Amino acid sequence: MNWRSLLLWGSVSLVVAATAVSFVLWGLNGPAYLVDLIAAYCL
């Protein structure tokens, strides 16, 4: 494996993990929690 494929797989893994965490948080607390979380980090 070269470094480009390793970087690509790492990026894909991070996106999949972030998506999974988002769906878990959505299921546990509803969409308002995600909106509040994004607003807290961005503002």
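Here the structure is a predicted model, which means the values were calculated and not measured. Positions are given from 1 along the sequence.
Listed by chain and residue number, Val15, Phe23 satisfy the side-chain contact (heavy atoms from CB on, under 4.5 Å) test with Thr19 (two or more places apart in sequence, or in another chain).
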Give the table of side-chain donor-acceptor pairs shorter than 3.5 Å for residues 35-43, with sequence neighbours excluded, one pair per line with atom names and distance.
none

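Cluster partners of Leu8, by chain and number: Val12, Val16. The rule joins Ile, Leu, Val, Met, Phe, Trp and Tyr whenever side-chain heavy atoms lie under 4.5 Å apart.
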